[in-house]
Amino acid sequence: CIGAPHLDPARTVEGTGSPIRIQVVSLDWKWLFIYPDQHIATVNTLTVPVGAPLRLELTSASVMNAFFVPQLGSLIYTMNGMVTHLELRADNEGTLQGLSGHFSGDGFPDMLFDVNVVSALSFPDWVASTARGASQVLNAESYQKLAQQSVPKDKMTFRLDDSRLFDAIATQKLPPGPGPQLTDNL
C-alpha cells in the first residue's frame, strides 16, 4: 500500500553505487547544475549514473519555478531564499528531457535541459573530461554574469571554484535576479 509518506519527494531512494549530490538553481531562463563533490557545474545539461540515488537540493535565484523530468517523476518547486530536496533515480541509460513546469517570463519556453543517464562506469570519465574540458570557472563573479536573464544557445560547463556557492545563492548572500521584466511589446 502506498500512502502519503511514501510520496515525500525528500524520501530516500535506494539504488546502486554511491549517492550523487546535485545542487540545482533555476535562473532566468536556464538551469544551473552544481556537482559540489565533483567540483564541476553545468548549464542546461544534467548527467547522472544509471541506478545511483540522486540527492537534489534545489533553489531559485529569481522567481519561483518548477523542476520536472517527466520520466523520473516528481515535479518540485524552486523558490528564492529556500532549499527544497528531491530524491530520484534513473533506471535506464539514455537521454531524457527536463523542463520548467512553471511560467517565468519571456524565456520560459526555452527553459529545457537534457538529462544524460550514463553507465556507472562512464560517470567518473564524464566528470574527469568535464573538469579537464571546462575552460570557465564558476565562482561568485562568473555566477553574477550567468545569473543575468538570457536563454543560452550552448550547454556550458564549469570547474567549480567555490564548493559553497550554492549556499551563498540559497541564502541570498549573492543577490537574486530581478525576475522577468515588462517589455514594450506586450
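Numbering of residues begins at 1 and proceeds along the displayed sequence. The shown structure was predicted, so the numbers you read here are calculated from the model rather than taken from an experiment.
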Side-chain heavy atoms of Glu87 within contact of Arg55, under 4.5 Å: yes
Using 0.5 Å steps for rounding, measure from the CZ atom of Arg159 to the CG atom of Asn139. 10.5 Å
Are Thr59 and Phe166 side-chain neighbours, meaning at least one heavy-atom pair lies under 4.5 Å? yes
Are Val25 and Val137 grouped together when hydrophobic residues (ILVMFWY) are joined by side-chain heavy atoms under 4.5 angstrom apart? no
Exercise: do Asn65 and Ser100 side chains pair donor with acceptor under 3.5 Å: yes
Centre-to-centre under 6.0 Å for Phe158 and Tyr143, is that the case here? no
Residue pair Pro175 / Gln144, side-chain heavy-atom distance below 4.5 Å: yes
Quick one: closest heavy-atom pair of Pro53 and Gly15, and the distance? CG-N, 3.8 Å
Taking a hydrophobic cluster as the set of Ile, Leu, Val, Met, Phe, Trp and Tyr residues connected by side-chain heavy atoms closer than 4.5 Å, whether directly or through intermediates, do Leu72 and Phe123 fall within one such cluster? yes
Over all heavy atoms of both residues, which pair between Ala120 and Pro49 is shortest? Give the atoms and the distance, please. CA-CB, 4.1 Å
Note: Arg89-Asp91 ion pair, threshold 4.0 Å (strictly below): yes
Under a single-linkage definition using a 4.5 Å side-chain heavy-atom cutoff for Ile, Leu, Val, Met, Phe, Trp and Tyr, are Phe33 and Trp126 assigned to the same hydrophobic cluster? yes
Distance from Gln148 atom CD to Ser62 atom OG, nearest 0.5 Å? 12.5 Å
With the 4.5 Å side-chain cut-off for hydrophobic clustering, are Val118 and Val127 part of the same group? yes
How about Pro70 and Leu99: do any of their side-chain heavy atoms sit closer than 4.5 Å? yes
So CD of Glu141 and CG of Asp161: to nearest 0.5 Å the spacing works out to 10.5 Å
Would you mind telling me which of Ile34, Leu32, Leu165 makes a side chain to side chain contact (heavy atoms under 4.5 Å, CB included) with Gln23? Ile34
Which residues pass the salt bridge (charged side-chain N to carboxylate O under 4.0 Å, His left out) test with Asp125, sequence neighbours left out? none
Donor-acceptor under 3.5 Å (Asp154 side chain, Met156 main chain): no
Would you give the length of the straight line joining atom CG of Leu58 to atom CG of Leu86, rounded to the nearest 0.5 angstrom? 6.0 Å
Connected via hydrophobic side-chain network under 4.5 Å: Val50 and Val69: yes
Candidate list Phe67, Trp29, Phe68, test ring pair (Phe, Tyr, Trp, His ring centres under 6.0 Å), partner Phe113, passing option: Phe67
Can you confirm whether Lys173 is buried at NZ, in the sense that more than 12 heavy atoms of other residues, nucleotides or ligands lie under 6.0 Å from that atom? no
Shortest non-hydrogen contact from Ala61 to Ile169? CB-CG2, 4.1 Å
Distance (rounded to the nearest 0.5 Å) between Arg132 CZ and Thr157 OG1: 12.0 Å
Is the shortest heavy-atom distance from the side chain of Tyr35 to the side chain of Leu160 under 4.5 Å? no
Is the shortest heavy-atom distance from the side chain of Leu146 to the side chain of Lys30 under 4.5 Å? yes
Hey, could you give me the OG1/CE distance between Thr78 and Met64, rounded to the nearest 0.5 Å? 8.5 Å
Identify all side-chain donor-acceptor contacts of residues 40-48 below 3.5 Å with residues at least two apart in sequence or on another chain.
unit_1	atom_1	unit_2	atom_2	d
Thr42	OG1	Thr45	O	2.5
Asn44	OD1	Trp31	N	2.9
Thr45	OG1	Asn116	ND2	3.0

